[in-house]
Amino acid sequence: MVVVTYDVRTEDNEGRRRLRRVAKACENFGQRVQKSVFECKVDEKRLHILRKRLLDRIDEEEDSLRFYFIREPIEDNREEYGCFTAIDFDKPLIV
């Protein structure tokens, strides 16, 4: 499990475009848990693909991108409160 967080400067059209592209890339690998935070369950190969896609989309002079790695079992490393419904990572993410 990897938590991806990003902050994209959106003061101009190019920044807003980058923000949409970063979010869309993350949606293909996991679930949004906050506006700019995604939980992604990926193996090493898919992590490499995700990292490359995101680095290709951000502007490292303007934006920030972070990966936080959570080791299995996830249930032992996470507390949840409130009305969020998690998706089942063992089922297809894209329907």
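Note that the numbering runs from 1 along the sequence shown for the chain. Both backbone and side-chain heavy atoms feed into the values below; hydrogens, waters and symmetry mates do not.
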*asked:* What's the separation between atom CZ in Arg17 and atom CG in Asp12, rounded to the nearest 0.5 Å?
replied: 11.0 Å
*Which atom pair, heavy atoms only, marks the closest approach of Gly15 to Val8?*
O-CG1, 3.5 Å
*Kindly give the heavy-atom pair with the smallest separation between Phe38 and Arg32, and that separation in Å.*
CD2-N, 3.4 Å
*asked:* Given 3.5 Å as the limit, does a donor-acceptor pair link the side chain of Arg57 with the main chain of Arg18, or not?
replied: no
*Can you tell me how far the CG atom of Leu19 sits from the CG atom of Asp7, to the nearest 0.5 Å?*
9.0 Å
*Which atom names give the shortest non-hydrogen contact between Cys40 and Leu50, and what distance separates them?*
SG-CD2, 4.2 Å
*Distance-minimising heavy-atom pair for Met1 and Glu39*: SD-CB, 3.8 Å
*Taking atom CZ of Phe29 and atom CG of Leu47, what is their separation to the nearest 0.5 Å?*
9.0 Å
*Do you know which of Leu65, Ile49, Asp63 makes side chain to side chain contact (heavy atoms under 4.5 Å, CB included) with Leu54?*
Leu65
*Other residues, nucleotides, ligands: >12 heavy atoms within 6.0 Å of Glu60 CD*: no
*Spatial distance of atom CZ (Arg46) from atom CZ (Arg51) [nearest 0.5 Å]*: 14.0 Å
*After noting the C-alpha distance and the side-chain angles of Arg53 and Arg21, does the key distance pass the side chain to side chain contact (heavy atoms under 4.5 Å, CB included) rule?*
CA-CA 9 Å; Arg53 284 189 188 170; Arg21 292 179 73 215; over 6 Å; no
*asked:* Working to the nearest 0.5 angstrom, can you tell me the gap between Asp59 CG and Glu14 CD?
replied: 8.0 Å
